[in-house]
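Single-structure report; data block below.
None of the values given here were measured: they were computed from a predicted structure.
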Amino acid sequence: MSFMADSSDYKASNSDFGDGDKTATSEAPLRGEVDLAEVPVTEEIPVPMSRNNVGNRFVAVVYDRIHSTKDYTSEDESDDDDNEADMLWGMHNDRIELTEEHVMWARKQNLYNDTFNTESMADILWSHQLLSSDLQRTIGHVMCVDSSTIDDCREALSRDPIIRSLLGTDNKNGECDVSSIPLYRWRQIRDHTLRRDDGRDGRPNMLLAFDRKEAMSDGVREEVTNDHLEYLIRSERIIAAGPLHVATAEKTDPKSIPIGTLLFFNSPDRDEAIDFVQNDPAAMAGLYETMSVHRFNNLDVTGKFVSENLYFPKQNTYQMKEAMEYWGYPVEDQQTKWLNW
């Protein structure tokens, strides 16, 4: 008796496929192919989970124009429009130059075990690069951090290469003050009907909306919650959604009230994206004071690691070990076998 993958009993005699003539069905082995039966069986330890994966999610919103401390103006101040363009393109070029470092910083932040990155106290779940309305420039990024405490979250943000470039660092000890970076708790809605692939039936967009100050007292958010959710579900375009709350030290702090909405969704173009968010029952009921819509690029901050092909051992499709060693990953670390085997 043998067992199927679903643990049900299965007998070879019940199969519709007989042994047949093995000599007739046998074919020449593919080049480089080995019999997996000859591959020695080794018991692998489970992939260690990060201690930071606690569901305590913070969202940082970084707009370059607001936070940049660099002077991009030229000596010739005769044309304000030209200086404005130079400033915007200067910030764009600086961000592009640091994007690779930003991605690798996040990937290393997420890699945790007993011998590497043991000081990591925050995981970077995602980082989205925000684009200008004409799609010509990058203007910032929005990042989700999973961490046990808000202080650990801010400490991680202080080492983001892009944030450090925008805010500058203390020349004495190299520290970066991130207190000016807006930080919120994000209560992502876990309904499976709100999970569409980014880029399906359109391109990914982000809505960042903040409530009117009177919204808490007049109860608009509570009144439109069900209609808002139904609208999102029926649209069949939502990538992720949820309210933004005040970033208190404790998740259960009653002061952590909802103050806005973070919504990721697909749309074929900007006009349709704006029309979609404006027709949200929450927006039509007057919940929001400000609404911003951006296209974004989803940066691969989690990292994709490829193990050796045991079926074709001579196949060298990926030079993963060399690449990881170049970026400072623990290529000889035996505890990280899913990277190094």
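Within the model, atoms OG1 of T149 and CG of D152 stand 3.0 Å from one another, a figure rounded to the nearest 0.5 Å. Taking CG from D146 and CZ from F58, the interatomic distance works out to 9.0 Å, rounded to the nearest 0.5 Å. Note: T261 OG1 to L208 CG = 9.0 Å, rounded to the nearest 0.5 Å. With values rounded to the nearest 0.5 angstrom, R195 atom CZ is found 6.5 Å from R190 atom CZ. The distance from atom SG of C144 to atom CD of Q188, rounded to the nearest 0.5 Å, is 7.5 Å. Rounding to the nearest 0.5 Å gives a distance of 11.5 Å between CD1 of I162 and CG of L167.
Inter-residue side-chain proximity for N56 and K251 is flagged as met; some heavy-atom pair is nearer than 4.5 Å. Contact check for V62 versus L166: side-chain heavy atoms found under the 4.5 Å cut-off. Residues Y72 and L88 form no side-chain contact, since every pair of their non-hydrogen atoms from C-beta on lies 4.5 Å or further apart. Put simply, the side chain of Q129 reaches to within 4.5 Å of the side chain of I96, judged on heavy atoms. D280 has its side chain within reach of L232: a pair of non-hydrogen atoms, C-beta onward, lies under 4.5 Å apart.
Counting all heavy atoms, side chain and backbone alike, I150 lies closest to A249 at CG2-CA, 4.1 Å. Across all non-hydrogen atoms, the minimal contact from I163 to M143 is CD1-CE, 4.4 Å. The minimum heavy-atom distance linking P281 with V224 is given by the pair O-CG1, 4.2 Å. Pairing each heavy atom of Y288 with each of R221, the nearest pair is CE2-NH2, 4.2 Å. The minimum heavy-atom distance between V145 and A122, with the atom names listed, is CG1-CB, 3.7 Å. Shown here for L131 and H294, the closest heavy-atom pair between the two residues is O-ND1, 3.7 Å.
For R154 (side chain) and S179 (main-chain N/O), no donor-acceptor pair under 3.5 Å exists by modelled atom type. Of the possible donor and acceptor atoms, none in the side chain of S158 sits under 3.5 Å from a partner among the backbone N and O of C176. With hydrogens and angles ignored, the 3.5 Å screen pairs no side-chain donor or acceptor of D123 with any backbone N or O of N110. Judged by distance alone, the side chain of R295 and the main-chain N or O of L130 form no donor-acceptor pair under 3.5 Å. With D160 contributing its side chain and A156 its backbone, the two residues share no donor-acceptor pair below 3.5 Å. S68 places no side-chain N or O within donor-acceptor distance of the main-chain N or O of R65, the cut-off being under 3.5 Å. For the pair H102 (side chain) and P161 (backbone), a donor-acceptor distance under 3.5 Å is absent. When atom types are taken as modelled, the side chain of S256 and the backbone of V246 share a donor-acceptor pair closer than 3.5 angstrom. Listed for the R185 side chain is no donor-acceptor partner under 3.5 Å among the backbone atoms of P243. In this structure a side-chain-to-backbone donor-acceptor pair under 3.5 Å is present from N266 to D197.
Evaluation of the side-chain contact (heavy atoms from CB on, under 4.5 Å) rule for N298 yields H128, D198, F296 as partners, not counting sequence neighbours. S133 pairs by the side-chain contact (heavy atoms from CB on, under 4.5 Å) definition with R270, not counting sequence neighbours. A60 pairs by the side-chain contact (heavy atoms from CB on, under 4.5 Å) definition with L157, I181, L183, not counting sequence neighbours.
No single ILVMFWY cluster, assembled from side-chain heavy atoms under 4.5 Å apart, contains both W89 and M91. Under a hydrophobic clustering in which Ile, Leu, Val, Met, Phe, Trp and Tyr are joined whenever their side-chain heavy atoms come within less than 4.5 Å, directly or via other members, L207 and I189 fall into the same cluster. In this structure, Y184 is a member of the same hydrophobic cluster as I257, with clusters built from ILVMFWY side-chain heavy atoms closer than 4.5 Å. Under the 4.5 Å side-chain heavy-atom criterion for ILVMFWY residues, no single connected hydrophobic cluster contains both L287 and L262. Cluster annotation: W105 is not connected to M121 through the hydrophobic network of ILVMFWY side chains, with a link wherever side-chain heavy atoms come within less than 4.5 Å.
Within a 6.0 Å sphere centred on CZ of R203, heavy atoms belonging to other residues, nucleotides or ligands number 12 at most. Around atom CG of N93, more than 12 heavy atoms belonging to other residues, nucleotides or ligands sit under 6.0 Å away.
For the salt bridge (Lys or Arg N to Asp or Glu O under 4.0 Å) with D64, the qualifying choice from R137, K70, R95 is R95, the only one to do so.
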Stepwise, does the side chain to side chain contact (heavy atoms under 4.5 Å, CB included) test hold for R196 with I238? CA-CA 6 Å; R196 294 292 188 273; I238 304 304; 5.7 Å; no
Determine, stepwise, if the pair I239 / F265 fulfils side chain to side chain contact (heavy atoms under 4.5 Å, CB included). CA-CA 5 Å; I239 302 167; F265 62 98; 5.5 Å; no
Apply side chain to side chain contact (heavy atoms under 4.5 Å, CB included) to the pair E289 and F210, showing each step before the final yes or no. CA-CA 6 Å; E289 182 175 0; F210 291 101; 5.6 Å; no
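Between Y231 and F276, the angle of the ring planes stays under 30°, which puts this pair in the parallel group of the 30/60° scheme.
Side-chain atoms of S267 and E272 form a donor-acceptor pair, as typed in the model, at a separation below 3.5 Å.
Ion pair D218/R212 flagged as a salt bridge, since at least one NZ, NE, NH1 or NH2 atom sits closer than 4.0 Å to an Asp/Glu carboxylate oxygen.
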